[in-house]
Amino acid sequence: MSFPLLTATAALPAIGAIATAAVPAARRTATKWLALLVSLATLVLAGIVFARFEPGGDRYQLTESHAWIKDFGVRYELGVDGIGVALLALTALLIPFIVLAGWHDADPLETNSSRWRPTQGFFALILMVEAMVILSFVATDVFLFYILFEAMLIPMYFLIGGFGDRAHSGSDENAAAQRSYAAVKFLLYNLAGGLIMLAAVIGLYVVAGSFSLSEIAEARANGSLDMATSTERWLFLGFFFAFAVKAPLWPLHTWLPNAMGEATTPVAVLITAVVDKVGTFAMLRFCLQLFPEASKWATPVIIVLALISIVYGALLAVGQRDIKRLIAYASISHFGFIVLGIFAMTSQGQSGATLYMVNHGLSTAALMLVAGFLITRRGSRLIADYGGVQKVAPVLAGTFLIGGLATLSLPGLAPFVSEFLVLVGAFSAYPVAGIIATVGIVLAALYVLVLYQRTMTGPVREGIGGMPDLKVRELAVALPLIALLIFLGVFPKPLTEVVNPAVQHTMHDVQKKDPQPEVEAAK
């Protein structure tokens with residue numbers, strides 16, 4: 001029996017979470033170092049998974065299958081494809097930076113420690129979320145995926161509600177109320193989506209007699225699975241609704257700005273760069289693979305929703321006065337691009353969407369974490385409270401600029417490659433949609449450059465003059481992310497050669513081929 005590498009990769013942060021929670025309360029520093037070491041060890045295992053994955057091999061590799069709940073046909077089945085391995089690597093890569101960036105986020109709020117915050121709980125919850133997200137990217141049993149999809153809401157709820165942003169304007173009571181509101185809204189939205197998905201999961205089992213992706217695919221291929229058109233469409237809608245909430249897609253997006261605004265900056269990155277990717281990943285793995293005809297039936301409406309997300313999110317980002325909420329609305333726009341690439345149903349669009357998930361994770365982490373360092377120094381999230389930062393903290397301003405330029409998909413940085421592929425794929429199938437989506441690029445340049453201008457340039461405002469530049473720990477967070485953005489911007493091959501074969505499998509599932517360009521014959 002081969003070594004269960006996928007289980008080990010997910011189990012390590014789960015075990016680390018338990019160990020971190022068990023550290024004595026007085027040993028805060030030991031808690032932090034333990035969490036960091038566990039996240040780094042998980043990154044090593046994820047690197048081994050990525051290295052052992054063969055792009056030209058079987059669709060699902062490093063597979064594991066064990067009986068779990070026999071009476072209901074539920075199995076513990078794992079397997080990783082090219083899309084899953086890319087997102088698994090992204091998750092394992094970002095968690096150490098999230099831990100480092102949040103090094104002091106669970107320290108006592110006052111020097112006398114009268115307002116105690118559980119450091120152990122903060123880092124244990126982050127590691128538990130990592131374990132569940134990794135498992136969700138490799139689960140090939142629909143019921144197992146559903147359990148993980150819902151279970152990750154619990155630690156996220158406590159991370160949002162229990163550890164708020166210290167830069168909140170207003171009284172402590174108001175901050176607590178806002179934090180509680182954001183956490184409950186996050187939970188209710190996602191629970192509602194999950195309950196609808198549960199009904200669809202049960203319906204799928206009634207129709208297919210199995211929760212296994214491989215068994216359902218085999219039954220569909222040999223003709224033994226006869227799913228009525230109306231049934232397939234209803235099941236598709238149940239799955240898609242849950243994933244659209246998680247993504248988030250307009251009009252189910254309103255929980256995200258609240259959650260990201262009230263959470264600590266590292267937790268905000270965990271939400272949008274890691275957890276939300278489960279929604280768009282699941283659209284590729286489950287919606288398109290399990291319900292190909294229904295996916296094609298719903299495509300026109302979903303593309304319209306994606307376009308609204310792109311333009312609406314970007315427009316609201318332009319008008320924001322709060323730095324973190326601006327980045328949150330920018331993420332809504334970016335998720336619109338991802339969904340557009342998925343449902344354009346072209347190889348360029350889906351490859352671009354997968355790369356976008358990875359590159360958005362890197363760029364948003366870089367921008368948001370550096371913004372968090374800025375906010376911690378000034379104690380305010382309001383753009384109007386800044387100005388002239390580049391004169392007193394040039395390294396902070398420079399890293400903030402590169403993160404912002406990556407967010408607007410500047411050529412030479414990683415997001416440009418993915419956004420270009422999404423637009424090419426969308427335009428080749430739906431030219432009007434491709435044209436409308438470009439509005440999001442123009443608006444992205446506007447909100448990013450205006451943000452930089454108002455915070456970093458101009459005269460030094462009151463309260464900015466003594467601002468220190470980035471310290472060693474903060475540089476250890478920002479510089480590797482920027483280096484990755486530049487490297488993948490000029491050399492995306494390590495990702496594309498892994499992702500492209502998986503995209504071809506998805507295209508085969510929905511029986512779609514790329515549109516052929518119309519070229520006039522030479523006279």
Side-chain angles (χ1 to χ4, degrees), residues 7-49 88-109 113 116-137 148 151-166 263-275 277 361-362 365-366 368-370 372-373 376 471-481:
T7 294
T9 306
L12 181 57
I15 296 171
I18 297 172
T20 301
V23 175
R27 304 189 63 181
R28 295 180 181 274
T29 302
T31 298
K32 299 171 184 178
W33 278 106
L34 176 59
L36 180 60
L37 291 174
V38 169
S39 66
L40 289 172
T42 305
L43 177 58
V44 171
L45 286 179
I48 296 173
V49 172
L88 184 153
L90 171 70
T91 301
L93 177 68
L94 289 181
I95 296 300
F97 297 120
I98 290 172
V99 170
L100 266 179
W103 202 253
H104 298 299
D105 282 0
D107 288 348
L109 294 173
S113 300
W116 182 75
R117 284 149 67 99
T119 304
Q120 297 85 344
F122 181 74
F123 292 103
L125 290 170
I126 290 175
L127 292 176
M128 188 58 68
V129 171
E130 179 183 21
M132 293 179 181
V133 171
I134 288 175
L135 265 182
S136 69
F137 287 141
L148 297 165
M152 68 179 70
L153 301 179
I154 299 172
M156 287 305 308
Y157 169 80
F158 287 109
L159 283 171
I160 297 168
F163 301 89
D165 190 350
R166 300 187 186 197
T264 64
T265 302
V267 172
V269 172
L270 185 66
I271 294 169
T272 190
V274 176
V275 173
K277 299 301 187 301
L362 296 174
M368 179 65 92
L369 291 177
V370 175
F373 299 149
T376 299
K471 300 176 182 179
V472 174
R473 174 180 61 86
E474 296 165 331
L475 288 171
V477 172
L479 294 183
L481 291 172

Quick check for you: to the nearest 0.5 Å, what is the distance between Leu88 atom CG and Glu130 atom CD? 9.0 Å

Side-chain heavy-atom pair Met128, Pro13 within 4.5 angstrom cut-off: no

With side chains defined as the heavy atoms from C-beta onward, is the minimum distance between Gln120 and Arg27 less than 4.5 Å? no

Heavy atoms only: give me the nearest Ala476-Leu100 pair and the separation to one decimal. CB-CD1, 4.3 Å

Measuring from atom CG of Leu127 to atom CD1 of Ile95, what distance do you get when rounded to the nearest 0.5 angstrom? 7.5 Å

Find the distance between OG1 (Thr119) and CZ (Arg28) and round it off to the nearest 0.5 Å. 3.5 Å

Are more than 12 heavy atoms, taken from residues, nucleotides or ligands other than Arg473, located less than 6.0 Å from that residue's CZ atom? yes

Taking it one step at a time, do Leu159 and Phe122 satisfy side-chain contact (heavy atoms from CB on, under 4.5 Å)? CA-CA 7 Å; Leu159 283 171; Phe122 181 74; 3.9 Å; yes

Within the structure provided, determine whether Leu94 and Leu362 are in side-chain contact (heavy-atom separation under 4.5 Å). yes

Got a second to check how far Leu270's CG is from Met368's CE, nearest 0.5 Å? 12.0 Å

Within the side chain of Lys277, is there an N or O that forms a donor-acceptor pair under 3.5 Å with the backbone of Thr272? yes

Apply ring pair (Phe, Tyr, Trp, His ring centres under 6.0 Å) to Phe373 and list each qualifying residue two or more places apart in sequence or on a separate chain. none

Taking side chain as C-beta onward, heavy atoms only, is Val274 less than 4.5 Å from Leu90? no

Minimum-distance pair of heavy atoms, taken over all atoms of Leu369 and Pro266: CD2-CA, 4.1 Å

Passing option when Thr91 is tested against Thr9, Thr42, Ile134 for side-chain contact (heavy atoms from CB on, under 4.5 Å): Ile134

When you compare the side chain of Phe97 with that of Ser39, does any pair of heavy atoms fall below 4.5 Å? no

What are the two closest non-hydrogen atoms of Ala8 and Leu45, and how far apart are they? O-CD1, 3.7 Å

Inter-residue atom distance Met156.CE - Leu153.CG, 0.5 Å rounding: 9.0 Å

Shortest non-hydrogen contact from Gly372 toward Thr265: CA-OG1, 3.5 Å

Between atom NZ of Lys32 and atom CG of Leu37, what is the distance when rounded to the nearest 0.5 Å? 14.0 Å

Side chains of Leu36 and Trp103 in contact at under 4.5 Å (non-hydrogen atoms): yes

Over all atoms of both residues, closest heavy-atom pair of Ala101 and Val477: N-CG2, 3.9 Å

Nearest heavy-atom approach of Ser136 to Leu148 is N-CD1, 3.7 Å

For Phe123, check ring pair (Phe, Tyr, Trp, His ring centres under 6.0 Å) against everything at least two apart and list the hits. none

Sub-4.5 Å side-chain heavy-atom contact between Ile126 and Val129: no

